[in-house]
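Computation of the quantities below employed the complete heavy-atom set of this structure, encompassing side-chain atoms and omitting hydrogens, waters and symmetry-equivalent molecules. This is a predicted model, so every value here is computed, not measured.
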Amino acid sequence: MAAGGSLSRSERKAAARAEILQQEEQRDRRRQVSRIWRKPPAERSPEECQVLSESEDIVRELERRRKRRERLRRRQEEVCDEPEELKRKVAELAAAVRSARHLVIYTGAGISTAASIPDYRGPNGIWTLLQKGRSIRAADLSEAEPTLTHMSIACLHKHNLVQHVVSQNCDGLHLRSGLPRAAISELHGNMYIEVCTSCTPNREYVRVFDVTERTALHRHHTGRMCHKCGSQLRDTIVHFGEKGTLRQPLNWEAATEAASKADVILCLGSSLKVLKKYPRLWCMSKPPTRRPKLYIVNLQWTPKDDLAALKLHGRCDDVMRLLMAELGLEIPRYDRYDMVHYGHSNQLRQARAMGDYLIVGVHTDEEIAKHKGPPVFTQEERYKMVQAIKWVDEIAPGAPYVTTLETLDKYSCDFCVHGDDITLTIDGKDTYEEVKTAGRYRECKRTQGVSTTDLVGRMLLMTKAHHSNISDQTFLESPQDEDLDYRKHTDNFGKVMACSGLGCSVCVLPNPMEQLWVAEQGPKGHSPWTGVSQFLQTSQKIIQFASGKEPQPGDTIIYVAGAFDLFRILDSHWLHQSADVGHVDFLEKVHQLAEKPYIIAGLHFDQEVNRYKGKNYPIMNIHERTLSVLACRYVSEVVIGAPYAVTADLLDHFRVTLVCHGMTEVVPDKDGSDPYEEPKQRGIFQLVDSGSNLTTDLIVQRIIKNRLEFEARNQKKEAKELAVLEAMRRLEEEKH
C-alpha cells in the first residue's frame with residue numbers, strides 16, 4: 001500500500017479485476033438460476049432445487065419481472081364485451097350523455113382505424129409492429145374519410161350534446177366531418193394546415209395535401225412561403241419530445257376551459273398514455289368528488305380505467321352506432337353533392353313567376369349517383385341552399401329523378417318547370433316524358449354563361465381571367481397568358497367536369513340552341529348541353545333579382561360586408577383566416593338578430609378581394625357575386641363595390657344601426673387600419689358565429705378525388721346527349 005493509505009496502481013488494477021470477476025460470477029449465477037427457474041418444478045433435480053433455495057433474491061426478481069411482463073401482455077390484449085353486455089353499458093352511457101351539462105370528448109387514433117389509418121398501440125399499431133421488428137405499411141391519409149364515429153361526434157355537437165372535442169389525431173378528419181373549428185382542439189396539430197408565424201396573428205393555410213412530407217422532429221419548415229410577408233411556412237405537428245407553441249390548431253386554451261367546465265368526459269379510441277400526462281385535462285386540482293365522470297371506450301387497458309365510471313370494451317364505431325340509436329339520432333353520411341349557383345337561382349325566379357307557389361323537389365344522393373355520377377354536397381347542405389333562395393316557397397326532399405304525374409298530384413302542383421335543355425335517365429330516357437305528354441310541363445331559359453363546370457374549373461386552374469377589369473396590369477402580371485389559359489379551359493374543361501346541376505327537379509343546363517353556336521366555334525363532336533360559356537351582366541338581370549324594397553319605419557338596418565364568394569356554397573375565408581363561415585348560416589343568424597331586419601350586403605371589388613385573400617380569389621367575379629347575394633331571401637339590398645373600410649359616410653348614408661361580421665380574422669386595410677373602427681367606436685359592431693365549416697378546400701378536395709369518376713360520367717352523358725341531338729336533327733330534316 002502506498003504512503004498515506006492510498007492504493008497503488010497495481011492494487012487498483014487488482015481490485016478492478018476482482019470486481020469484474022465478481023460481476024461475471026453474478027451474471028453466470030443469474031443465468032443459471034433463470035434457466036432452472038423456467039423449468040417446471042417436477043423436472044428440477046435436487047441440486048437445482050438447492051440452487052434456487054440459495055438464490056432467493058434472484059428468484060424474487062425473476063418473479064417480479066414475470067408478473068410485469070404478464071401485466072403488460074394483458075394490457076395489450078383486445079377485449080370485447082359480449083353484445084348484450086355492451087348494449088347495457090351503452091344504455092348507461094346514453095343516460096350520462098343526456099344528463100350531462102358540459103360533455104367533452106377526448107379522441108385518439110382508435111377512432112380513425114376504420115378509415116384505414118393505423119393506430120399506435122393496437123395489435124397492428126405502429127409502435128406494436130416496430131417493437132416486434134416488423135415493417136409498417138404506408139397509408140395515404142389524404143384518401144381517408146371521416147368514420148362513423150367522426151360523423152356521430154359532429155352530430156352530437158350539432159344537437160348541443162357535446163360541447164368540445166379534444167383530439168390527439170393529426171389526420172384532419174374531425175374538420176372534414178363538419179365539426180366547427182372552434183369546437184375542436186387538435187393538441188398534436190393538423191397535417192393539412194401550415195402557418196406563417198411571422199404574421200400577426202398567425203396566418204393559416206389549409207391544404208388538400210399532406211404538408212409534413214419535408215418536415216420532421218425539430219424541423220418544421222415546409223418549403224413554402226407566406227404570400228403576404230414572404231416568410232417560410234411551418235407545419236403544426238407536435239412530435240414526441242416537443243412542446244406545442246402554436247395557438248391554432250392546438251387550441252389549448254379552449255381545451256383547458258372545456259375540461260374545467262366538464263361534468264362528463266368521454267374518451268374514444270385513446271390509450272390515454274399521452275393524455276394522462278396533461279393534468280389540465282383531468283381537473284387534478286379539484287377534489288376527486290368534484291372531478292368530471294369518466295367514460296372510456298377502448299378495447300385495451302388504459303391508465304385511467306380504475307378512475308372510470310364506466311369502461312366499454314368495444315370498437316368505437318360499434319359503440320357510437322348503438323349510442324346514436326339509443327339517443328334517437330340519425331348518423332349523417334359523409335357524401336358528395338352538386339353545387340348551387342346563381343344560374344339555378346335565376347331558373348327558380350323564372351319558375352316562381354309562372355305560378356303562385358313554388359315547390360322545389362330535391363333528389364336523393366342515391367338518385368343523383370345513379371343517373372349523373374358522384375355529387376359534391378350533402379343532402380342537408382343542398383336543402384339549406386335551396387331553401388335560402390327567396391323565390392322558393394317549399395322544398396320536397398327525396399324527389400324522384402323521373403318526374404311523374406303522381407309526384408305532381410302528391411304536392412297538388414298544376415305543372416312542373418325545367419330548363420330548356422334535355423335531361424336523361426341512366427338508360428337514355430327523357431325524365432319529363434310523362435308530364436310533357438299530359439301537358440303539365442313548362443320550360444324556362446337558363447342564365448347564359450354560368451355552369452358548375454366553369455366554377456369548378458376556376459377552382460382547379462387557379463387563374464384570374466374570370467375577374468372583372470382583367471386587363472389592369474397592376475392587378476394581373478400577365479393577363480394575356482391568363483386569358484389564354486382560361487380560353488383553353490372553356491374549350492376543354494367540359495370534357496372532364498359535367499354540369500351536375502342542382503340535384504332537383506328544377507335544374508339549369510345550357511340552352512341547346514345557344515350552345516349549338518358555341519359547339520360550332522369550338523371542338524367538333526361534343527354535346528351542346530355540356531360546356532362552358534361566358535357570363536355577361538346586364539342592368540335588366542340585376543333588376544330581375546333585386547327586391548326593390550326600401551327600408552320601412554321600425555326596420556333594423558344591418559350592414560354586412562365581404563367577398564361572398566361561391567355564395568350559398570361556402571365562404572372562402574378558410575385560406576388565411578381561423579374560422580369558416582357558411583354564407584347562408586351567417587346571414588340567417590344575422591337575420592335573427594332583429595324583429596324587422598333590413599340587411600344590406602356590401603360586396604368588395606375583385607381586386608380588393610384578391611388583395612386580402614390572394615391566389616385567384618374571388619372564384620366568382622363581382623357581377624356573378626351580385627346576383628348570387630341578391631337571390632338570398634335574407635338580403636334586402638346589395639352595395640356593389642363597397643369600400644373595404646366601413647366609413648362614417650356609408651353608415652350615415654344607409655342609416656345603419658348594426659354592423660355584423662363573422663368569426664373570421666379581420667384583415668387590416670391597406671394602411672394597416674381596422675376597417676371596422678368606425679362602427680366599433682359607435683358601439684354598433686357585433687360578431688356573429690354561423691357554426692358552419694364548409695370550405696373551398698373541402699370542395700376542391702372532393703372534386704379532385706372524383707375527377708376520374710366525373711370524366712367517365714361525362715363520356716356516358718355526352719354519348720347519350722349526342723344520340724338525342726342526332727335524332728332531333730333527323731326529325732328537323734324530315735320536316736323540311
Side-chain angles (χ1 to χ4, degrees), residues 78 80 86 90 93-94 97 103-126 137-159 161-162 164-181 183-192 208 210 249 266-272 275 295-300 312-327 329-337 365 374 378-381 693-695 698 701-702 705-706:
E78 292 191 344
C80 293
L86 188 62
V90 169
L93 174 61
V97 171
L103 171 61
V104 181
I105 293 182
Y106 296 169
T107 66
I111 73 167
S112 297
T113 53
S116 300
I117 299 177
D119 58 8
Y120 289 94
R121 294 180 173 85
N124 296 309
I126 293 175
R137 63 180 176 85
D140 186 0
L141 271 63
S142 65
E143 293 295 318
E145 294 183 350
T147 65
L148 181 146
T149 299
H150 289 100
M151 300 307 296
S152 298
I153 293 173
C155 181
L156 291 173
H157 178 269
K158 181 179 179 180
H159 287 82
L161 293 173
V162 170
H164 199 75
V165 176
V166 179
S167 181
Q168 300 171 255
N169 301 337
C170 308
D171 51 35
L173 294 183
H174 277 302
L175 293 182
R176 294 193 204 181
S177 71
L179 195 66
R181 287 286 299 274
I184 182 172
S185 298
E186 296 175 295
L187 301 184
H188 297 158
N190 187 313
M191 59 184 286
Y192 297 103
V208 297
D210 182 0
L266 173 59
C267 300
L268 294 170
S270 173
S271 68
L272 300 182
L275 286 182
Y295 294 80
I296 300 174
V297 179
N298 205 305
L299 293 170
Q300 296 176 316
L312 295 87
H313 295 93
R315 300 189 184 281
C316 294
D317 279 5
D318 295 338
V319 171
M320 293 306 291
R321 184 181 291 106
L322 293 172
L323 176 62
M324 297 296 280
E326 191 74 26
L327 295 173
L329 297 176
E330 182 178 354
I331 302 173
R333 294 180 56 182
Y334 181 73
D335 279 325
R336 296 164 175 78
Y337 290 79
D365 53 329
T378 67
Q379 192 161 320
E380 288 73 21
E381 291 164 355
N693 75 326
L694 278 177
T695 66
L698 291 178
Q701 183 174 337
R702 296 177 186 180
K705 182 174 181 182
N706 286 321

Quick one: pull up OG1 in T107 and CG in L268 and give me the separation to the nearest 0.5 Å.
7.5 Å

L175 side chain near E186 side chain, heavy-atom distance below 4.5 Å
yes

Does Q168 offer a backbone N or O that forms a donor-acceptor pair with the side chain of H188 under 3.5 Å?
yes

Intermediate values then yes/no, side chain to side chain contact (heavy atoms under 4.5 Å, CB included), I111 and V297
CA-CA 10 Å; I111 73 167; V297 179; over 6 Å; no

Provide the closest heavy-atom pair for P146 versus L173 in the form atom of the first, atom of the second, distance.
CG-O, 3.7 Å

How many angstroms lie between atom CD1 of I153 and atom NZ of K158, to the nearest 0.5 angstrom?
16.0 Å

First locate atom NE2 of H164, then atom CG of L179, and finally report the distance between them rounded to the nearest 0.5 Å.
8.5 Å

Check whether H157 reaches the backbone of A154 with its side chain - one donor and one acceptor, N or O, closer than 3.5 Å.
no

On a heavy-atom basis, the closest approach of Y192 and D171 is CE1-O, 3.1 Å

Counting C-beta onward and ignoring hydrogens, is there a side-chain heavy-atom pair between M151 and L148 closer than 4.5 Å?
no

In this structure, OG of S152 is separated from CD1 of I331 (nearest 0.5 Å) by 3.5 Å

Going through the distances and angles, do R315 and C80 end up as a side chain to side chain contact (heavy atoms under 4.5 Å, CB included)?
CA-CA 8 Å; R315 300 189 184 281; C80 293; 5.6 Å; no

Can you check whether L187's main-chain N or O pairs, donor with acceptor, with S185's side chain at less than 3.5 Å?
no

Show your reasoning for whether side chain to side chain contact (heavy atoms under 4.5 Å, CB included) applies to L329 and L161.
CA-CA 11 Å; L329 297 176; L161 293 173; 3.9 Å; yes

4.5 Å side-chain heavy-atom contact, L322 and L93
no

CG-OG distance between N298 and S270, expressed to the nearest 0.5 angstrom
7.0 Å

Does a side chain donor of either H174 or S177 reach within less than 3.5 Å of an acceptor in the other side chain?
no

Decide yes or no on side chain to side chain contact (heavy atoms under 4.5 Å, CB included) for L156 and L103, but give the supporting numbers first.
CA-CA 10 Å; L156 291 173; L103 171 61; 5.8 Å; no

Quick one: pull up SG in C316 and CG in L299 and give me the separation to the nearest 0.5 Å.
7.5 Å

